[in-house]
A.B. asks: 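This structure is in structure tokens; I'll ask about it shortly.
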Amino acid sequence: QVQLVESGGGLVQAGGSLRLSCAASGRTFSTYDMGWFRQAPGKEREFVASISWNGSNTYYADSVKERFTISRDNAKNTVYLQMNSLKPEDTAVYYCGARPRYISTRATMTSISNFGSWGQGTQVTVSS
């Protein structure tokens, strides 16, 4: 099983940018599809973006499309989330999750129930 550690969160003004990182332990990172999810206070955890094990397929929530970019570096066992044009409604704790690589479709790659091995999360706060 892979262990995940998120970093890169912080406080930023609306319109600003942040880059989140998720470092994975183990030698099998490339056998996992990866995803970013977020949870705002009083709300359920929701899908943000995901990327297949080799980076060939990426998926985004409509709310972040054109603003966020997910990428991965299998040599560094790390997945990234570049967040631009941040809005106050992006404020949340951001988590990365992993799932053993499988058929990559939007349905399977956006469902939180397919991901696990959650990290501790990193707080992103966007001020207006």
A.B. asks: Identify the two heavy atoms, one from V2 and one from A24, that lie closest to each other, and give their separation to 0.1 Å.
C.D. replies: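 Closest approach of V2 to A24: CG2-CB, 3.5 Å.
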A.B. asks: Determine the minimum heavy-atom distance between L11 and S127, stating which atoms define it.
C.D. replies: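 Looking at all heavy atoms of both residues, the shortest contact is CD1-CB, 4.4 Å.
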A.B. asks: Looking at C22 and M34, what are the two nearest heavy atoms and their distance?
C.D. replies: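 That would be SG-CE, 4.3 Å.
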A.B. asks: Are any side-chain N or O atoms of D33 and backbone N or O atoms of Y102, one a donor and one an acceptor, separated by less than 3.5 Å?
C.D. replies: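 The answer is yes, because a donor-acceptor pair under 3.5 Å joins these two groups.
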A.B. asks: Quick one: does any side-chain atom of S117 pair with a main-chain N or O of A98 as donor and acceptor, under 3.5 Å?
C.D. replies: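 Checked: no pair found.
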A.B. asks: Give me the atom names and distance for the closest heavy-atom approach of D73 to F29.
C.D. replies: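 That closest heavy-atom pairing would be O-CE2, 4.1 Å.
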A.B. asks: Kindly work out whether a path of hydrophobic side-chain contacts (I/L/V/M/F/W/Y, heavy atoms less than 4.5 Å apart) joins Y80 to V64.
C.D. replies: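 No, because Y80 and V64 fall into different hydrophobic clusters, even though each may have its own neighbours under 4.5 Å.
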A.B. asks: With the side chain counted from C-beta on, respond yes when P100 and Y32 share a heavy-atom pair under 4.5 Å apart, and no when they do not.
C.D. replies: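 They are in side-chain contact.
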A.B. asks: Rounded to the nearest 0.5 Å, what separation is found between the CZ atom of R99 and the OG atom of S111?
C.D. replies: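 Interatomic distance, R99 CZ to S111 OG, rounded to 0.5 Å: 9.0 Å.
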A.B. asks: For T108 and I103, indicate whether the former's side chain and the latter's backbone hold a donor-acceptor pair under 3.5 Å.
C.D. replies: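 Between the backbone of I103 and the side chain of T108 there is a qualifying donor-acceptor contact (under 3.5 Å).
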A.B. asks: Out of curiosity, Q39 CD to E44 CD, how far, rounded to the nearest 0.5 Å?
C.D. replies: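 Answer for the CD-CD pair, Q39 versus E44, is 8.0 Å.
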A.B. asks: Using modelled atom types and a 3.5 Å cut-off, is there a donor and acceptor pairing between side-chain atoms of R67 and backbone atoms of S85?
C.D. replies: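 Side chain of R67 to backbone of S85: a pair is present.
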A.B. asks: If you round to the nearest 0.5 Å, how far is OG1 of T69 from CZ of R19?
C.D. replies: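 The OG1 atom of T69 is 11.0 Å from CZ of R19, to the nearest 0.5 Å.
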A.B. asks: Does the T91 side chain pair with the main chain of P88, one donor and one acceptor, at a distance under 3.5 Å?
C.D. replies: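 Pair found, side chain donor or acceptor close to backbone of P88.
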A.B. asks: Taking atom CD of Q82 and atom CG of L18, what is their separation to the nearest 0.5 Å?
C.D. replies: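 Rounded to the nearest 0.5 Å, the CD-CG separation comes out at 8.5 Å.
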A.B. asks: Please report the closest heavy-atom contact between N114 and A107, naming both atoms and the distance.
C.D. replies: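 Answer, listing the atom of N114 first, then A107: ND2-O, 4.5 Å.
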A.B. asks: Is there a salt bridge (Lys or Arg N to Asp or Glu O under 4.0 Å) between K87 and D90 once you walk through the steps?
C.D. replies: CA-CA 5 Å; K87 303 176 181 180; D90 294 319; over 6 Å; no
A.B. asks: Where do W53 and T31 come nearest, in terms of heavy atoms and distance?
C.D. replies: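 For W53 versus T31, the nearest heavy atoms are CB-C, 4.4 Å.
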A.B. asks: Output the distance between atom OG (S63) and atom CZ (R38), rounded to the nearest 0.5 Å.
C.D. replies: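 Nearest 0.5 Å value for the OG-CZ distance: 4.5 Å.
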A.B. asks: How about I70 and Y60: do any of their side-chain heavy atoms sit closer than 4.5 Å?
C.D. replies: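 Yes. Closest side-chain heavy atoms under 4.5 Å.
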A.B. asks: What I want to check is whether the side chains of T122 and E6 have a donor and an acceptor closer together than 3.5 Å.
C.D. replies: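 Checked: T122/E6 side chains show no N/O donor-acceptor pair below 3.5 Å.
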A.B. asks: Would you please say whether a donor-acceptor pair under 3.5 Å links the side chains of N54 and S52?
C.D. replies: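 Looking only at side-chain atoms, S52 and N54 do form a donor-acceptor pair, the distance falling under 3.5 Å.
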A.B. asks: List, by chain and number, the other hydrophobic cluster members for F115, where Ile, Leu, Val, Met, Phe, Trp and Tyr join if side-chain heavy atoms come within less than 4.5 Å, directly or indirectly.
C.D. replies: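 Besides F115, the hydrophobic cluster comprises F37, F47, Y59, V93, Y95, M109, I112, W118, listed by chain and residue number.
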A.B. asks: To the nearest 0.5 Å, tell me how far L81 CG sits from S21 OG.
C.D. replies: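 Output value for this atom pair is 9.5 Å.
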